[in-house]
Amino acid sequence: MKGIFPIEKFEHVATPFYYYDMELLRQTLRAINQETAKHEGFCVHYAVKANANPKLLKTIREAGLGADCVSGGEIEAAIRAGFPASKIVYAGVGKSDWEINLGLDNDIFCFNVESIPELEVINELAAAKDKVARIALRINPNVGAHTHANITTGLAENKFGIAMRDMETVIEQAAKMKNVRFVGLHFHIGSQILDMGDFEALCNRVNELQDQLESHRIIVENINVGGGLGIDYQHPNRVPIPDFKAYFDTYAKKLKLRNGQTLHFELGRAVVAQCGTLITRTLYIKEGATKKFCIVDAGMTDLIRPALYQAYHKIENITSEQPLQTYDVVGPICESSDVFAKQIDLNGTRRGDLIAIRSAGAYGEIMASQYNCRRLPVGYSSEDF
């Protein structure tokens with residue numbers, strides 16, 4: 001386990017910081033490309049919201065993936081990393097005018113539209129530039145996912161997407177607009193999904209909606225099923241690469257694509273989560289009345305997932321070979337929720353030991369904040385050492 005980190009080189013680096021295993025990232029990208037190559041018309045966009053570290057973006061772009069963006073800043077990051085505009089899709093329930101204009105100016109592949117008012121604004125802004133914007137409609141399929149409530153997005157109660165009952169009406173409205181062109185349907189039901197049955201349920205719903213549209217002679221060029229594939233947080237060493245075969249095979253078998261249709265995916269966590277580790281240093285071991293605390297220099301400002309979602313991350317002491325002891329691993333932030341894990345076993349830990357918080361490549365560095373006026377963590381690639 002400890003052999004996967006250049007510990008002797010870490011000793012001289014200021015903590016906390018993110019460490020990205022670039023070889024694992026490349027292996028993951030190869031696995032994606034090998035599986036999608038088996039299926040005609042499959043196109044993968046990387047969800048930039050998972051991690052926008054420039055070194056990772058460049059490697060992902062070099063592997064041939066497109067970019068799925070949810071803000072103007074992400075569009076700018078994708079363009080800086082060299083993603084061709086023809087492979088950039090832009091989603092998000094609240095696109096501002098400058099962000100829409102940015103997409104129009106760069107002639108991105110598609111806007112994933114989430115409401116009628118948004119459609120009207122895109123048409124108006126495109127008209128001002130004498131352009132025609134390609135749009136896909138994000139439909140809320142009212143399909144649940146076996147995941148945390150805060151990362152479920154496909155239910156009718158969620159803020160995302162257009163209700164199924166309004167789908168045809170919105171398509172008809174788009175057809176009347178001179179400066180938008182309807183090119184597809186977009187769906188996304190949530191994140192960290194490990195049950196392929198959830199994706200099967202989405203396939204069944206998309207099949208129903210396609211049949212409904214075809215009965216009215218409406219043909220769809222592109223189907224975008226979002227992302228959502230989860231990773232194994234419990235066993236980052238044993239299962240470093242997600243089961244892409246099962247994921248893509250599910251869509252190949254269950255989704256009834258029409259001739260000439262392109263199927264788009266927006267994978268984020270599954271691409272980068274396992275290659276990233278938050279490295280932090282032990283500040284103090286504090287003996288409490290009923291437990292022992294390992295206080296580290298990283299906090300919820302560096303990795304908010306445990307505080308926000310009660311998310312689990314495997315935690316390892318990568319410098320100690322001492323017998324196991326039980327600790328609460330906590331950070332220095334002045335919040336009771338600044339806890340990475342409770343009552344976990346670590347090799348006997350003392351001040352100065354390096355602690356690795358695993359599977360942190362997604363929604364880690366990108367969500368870092370400067371609360372308590374803390375410095376943002378630096379993200380290093382394995383090639384920096």
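Remember, predicted model here, so these are calculated numbers, not experimental data.
Side chain of Ser320 to backbone of Gln322: a donor-acceptor contact under 3.5 angstrom is found. When atom types are taken as modelled, the side chain of Arg138 and the backbone of Asn112 share no donor-acceptor pair closer than 3.5 angstrom. In terms of modelled atom types and a separation under 3.5 Å, the side chain of Asn51 and the main chain of Ala362 share no donor-acceptor contact. Counting only distance, with no hydrogens or angles, the side chain of Asp21 and the backbone of Cys275 share no donor-acceptor pair below 3.5 Å. In terms of modelled atom types and a separation under 3.5 Å, the side chain of Asn106 and the main chain of Ile108 share no donor-acceptor contact. No donor-acceptor pair under 3.5 Å is formed between the side chain of Asp302 and the backbone N or O of Ala298. Side-chain N or O atoms of Asp338 include one that pairs as donor or acceptor with a backbone N or O of Met300 at under 3.5 Å. Using a distance-only test at 3.5 Å, with no hydrogens or angles considered, a donor-acceptor pair links the side chain of Asn101 to the main chain of Asp97. Between the side chain of Tyr19 and the main chain of Pro6, no donor-acceptor pair closer than 3.5 Å is present. Panel note: side chain His188, backbone Gly190; a donor-acceptor pair is recorded below 3.5 Å.
Inter-residue side-chain proximity for Ile357 and Lys314 is flagged as unmet; no heavy-atom pair is nearer than 4.5 Å. Side-chain contact between Leu213 and Ile171 is present, with at least one heavy-atom pair separated by less than 4.5 Å. Between Val225 and Leu263 the shortest side-chain heavy-atom distance falls below 4.5 Å. Side-chain contact check for Leu209 versus Phe187: some heavy-atom pair is nearer than 4.5 Å. Side-chain contact between Leu257 and Phe42 is present, with at least one heavy-atom pair separated by less than 4.5 Å. When side chains are defined from C-beta on, Val339 does not count as touching Pro306, because their heavy atoms never get closer than 4.5 Å. Within the 4.5 Å cutoff, no side-chain heavy atoms of Asn53 are placed close to those of Leu57. No side-chain heavy atom of Gln210 sits less than 4.5 Å from a side-chain heavy atom of Lys256.
No side-chain donor-acceptor contact under 3.5 Å links His45 and Asn224. Side-chain contact check for Gln343 and Asp328: at least one donor-acceptor pair (N or O, by modelled atom type) lies under 3.5 Å. Side-chain contact annotation: Lys292 with Gln325, donor-acceptor N/O pair under 3.5 Å present. Residues Glu99 and Ser96 bring a donor and an acceptor atom of their side chains to less than 3.5 Å of each other. Side-chain polar atoms of Glu266 and His186 form a donor-acceptor pair below 3.5 angstrom. Side-chain atoms of Ser191 and Arg269 include a donor-acceptor pair closer than 3.5 Å. The closest side-chain donor-acceptor pair between Thr15 and Asp297 falls under 3.5 angstrom. At a cut-off of 3.5 Å, with distance as the only test, no side-chain donor of Ser382 or Asp384 sits close to an acceptor on the other residue. Side-chain polar atoms of Thr326 and Asp345 form a donor-acceptor pair below 3.5 angstrom. For the residue pair Arg305 and His313, a side-chain donor N or O sits within less than 3.5 Å of a side-chain acceptor on the partner. Between Arg351 and Thr282, the side chains place no donor N or O within less than 3.5 Å of an acceptor N or O (distance only, hydrogens not considered). Side-chain atoms of Gln261 and Asn222 include no donor-acceptor pair closer than 3.5 Å.
Asp166 is linked by a salt bridge (charged side-chain N to carboxylate O under 4.0 Å, His left out) to nothing, counting only residues two or more places apart in sequence or in another chain. Applying the ring-ring contact (aromatic ring centres under 6.0 Å, His included) rule to Tyr284 yields no partners; only residues at least two apart in sequence or on another chain are considered.
Among all heavy-atom pairs drawn from Ala270 and Leu229, the shortest one is CB-O, 3.7 Å. The two residues Phe109 and Arg134 come nearest to each other via the heavy atoms O-NE, 2.7 Å. In terms of heavy atoms, Ile139 sits closest to Met164 at CG2-CG, 3.8 Å. Across every non-hydrogen atom of Ile295 and Gly331, the tightest pair is CG2-O, 4.5 Å. Listed here is the closest heavy atom pair of Leu24 and Gln274: CD2-O, 3.5 Å. In plain terms, the two heavy atoms of Asn347 and Leu324 that are nearest each other are N-CD2, 3.6 Å.
Residue Arg30 is tested with Glu35, Glu23, Glu62 for a salt bridge (charged side-chain N to carboxylate O under 4.0 Å, His left out); the sole match is Glu23. Between Phe385 and the choices Tyr20, Phe5, Tyr380, the ring pair (Phe, Tyr, Trp, His ring centres under 6.0 Å) rule is met once, by Tyr380.
To the nearest 0.5 Å, the span separating OH on Tyr18 from CD1 on Ile366 amounts to 10.5 Å.
Taking the six-membered ring where tryptophan is involved, the planes of Tyr90 and Phe111 are tilted, since the angle between them lies from 30° to 60°. Below 30°, between 30° and 60°, or above 60°: for Phe199 and Tyr247 the angle between ring planes is above 60°, a perpendicular geometry.
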Residue pair Lys49, Glu74: steps toward the salt bridge (charged side-chain N to carboxylate O under 4.0 Å, His left out) verdict: CA-CA 7 Å; Lys49 66 177 180 287; Glu74 288 188 4; over 6 Å; no
Salt bridge (charged side-chain N to carboxylate O under 4.0 Å, His left out) evaluation trace for Arg258 with Glu221: CA-CA 9 Å; Arg258 276 50 176 179; Glu221 296 175 38; over 6 Å; no
